[in-house]
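Computed from a predicted structure; not experimentally measured.
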Amino acid sequence: MYRQSKPRSQSRSKVKGQQYNLPAAFRQQVENHWQGIGKVSRLRLDTGEKQARASLLHIDKNGEIPQHTHKGQELTLLLAGEFSDEYNTYSAGDFLLLNSDHEHSPKTVEGCLCYTVVDAPLYFTKGISKLLNPIGELIY
């Protein structure tokens with residue numbers, strides 16, 4: 001017997017004029033508001049956990065996140081686009097698991113959308129972004 005599978009539901013989200021199709025798991029949360037500074041925008045997602053913070057992270061074309069390390073662990077799944085750092089170049093479907101042993105500065109030419117989960121704030125290591133470290137607990 002031939003059975004045609006139903007298409008999986010997807011959610012849509014728009015940030016900085018770019019429209020993204022997202023996995024259905026994000027459906028209930030994509031109506032939250034994007035927050036951002038410059039070329040980096042974030043949509044906070046509810047994890048139901050006190051320590052873990054999940055977000056959709058968008059880096060616009062020719063954007064980057066300043067040099068940083070991690071006080072805890074960070075899991076990143078690249079949903080769309082590309083970025084590179086000191087370790088590699090990543091494309092949609094790639095994931096990274098980083099901790100305090102890693103220091104990097106993700107950059108993108110075309111832009112990207114990531115799903116990230118962190119259990120502690122980032123720690124900025126260079127330039128003026130180091131001024132954010134004292135308030136890291138508030139913004140992570």
Undergrad: If you link I, L, V, M, F, W and Y whenever their side-chain heavy atoms are under 4.5 Å apart, who else ends up in the same group as Y87?
TA: L78, F83, Y90, L96, L98
Undergrad: Could you grab the distance from atom SG of C112 to atom CG of L79, nearest 0.5 Å is fine?
TA: 9.5 Å
Undergrad: Quick check: closest heavy atoms across L77 and G93, and the distance to 0.1 Å?
TA: CD1-O, 3.9 Å
Undergrad: A52 and T47: which non-hydrogen atoms are nearest, and at how many Å?
TA: O-OG1, 3.0 Å
Undergrad: Kindly give the heavy-atom pair with the smallest separation between G63 and K39, and that separation in Å.
TA: CA-CD, 3.6 Å
Undergrad: Can you tell me how far OG of S41 sits from CD of Q35, rounded to the nearest 0.5 angstrom?
TA: 9.5 Å
Undergrad: Applying side chain to side chain contact (heavy atoms under 4.5 Å, CB included), name anything that partners A80, two or more places apart in sequence or on another chain.
TA: Y20, L113
Undergrad: Show me, pair by pair, the donor-acceptor contacts under 3.5 angstrom made by side chains of residues 101-111, not counting sequence neighbours?
TA:
{"from": "H102", "atom 1": "ND1", "to": "N99", "atom 2": "N", "distance (Å)": "3.0"}
{"from": "H102", "atom 1": "ND1", "to": "N99", "atom 2": "OD1", "distance (Å)": "3.3"}
{"from": "E103", "atom 1": "OE2", "to": "Q67", "atom 2": "NE2", "distance (Å)": "3.3"}
{"from": "E103", "atom 1": "OE2", "to": "T125", "atom 2": "OG1", "distance (Å)": "3.0"}
{"from": "H104", "atom 1": "ND1", "to": "D85", "atom 2": "OD2", "distance (Å)": "2.8"}
{"from": "H104", "atom 1": "NE2", "to": "H68", "atom 2": "NE2", "distance (Å)": "3.2"}
{"from": "S105", "atom 1": "OG", "to": "E64", "atom 2": "OE1", "distance (Å)": "3.3"}
{"from": "S105", "atom 1": "OG", "to": "I65", "atom 2": "O", "distance (Å)": "2.8"}
{"from": "S105", "atom 1": "OG", "to": "K107", "atom 2": "NZ", "distance (Å)": "3.4"}
{"from": "K107", "atom 1": "NZ", "to": "S105", "atom 2": "O", "distance (Å)": "3.4"}
{"from": "T108", "atom 1": "OG1", "to": "E82", "atom 2": "O", "distance (Å)": "2.7"}
{"from": "T108", "atom 1": "OG1", "to": "E82", "atom 2": "OE2", "distance (Å)": "2.8"}
{"from": "T108", "atom 1": "OG1", "to": "G111", "atom 2": "N", "distance (Å)": "2.8"}
{"from": "T108", "atom 1": "OG1", "to": "G111", "atom 2": "O", "distance (Å)": "3.4"}

Undergrad: With a 4.5 Å cut-off on side-chain heavy atoms, are L56 and V15 touching?
TA: no
Undergrad: Among L122, D119, V117, find the one that has a side-chain contact (heavy atoms from CB on, under 4.5 Å) with E74.
TA: L122
Undergrad: Which residues satisfy the side chain to side chain contact (heavy atoms under 4.5 Å, CB included) test with S55, sequence neighbours excluded?
TA: R42, R44, T116
Undergrad: Do any pairs count as a salt bridge (Lys or Arg N to Asp or Glu O under 4.0 Å) and have a residue in residues 89-98, sequence neighbours left out, and if so which ones?
TA: none
Undergrad: With sequence neighbours left out, write down each residue that passes side chain to side chain contact (heavy atoms under 4.5 Å, CB included) with L97, or none if nothing qualifies.
TA: Q73, L75
Undergrad: Looking at every heavy atom in both S100 and T69, which two are closest together, and how far apart are they?
TA: O-OG1, 3.4 Å
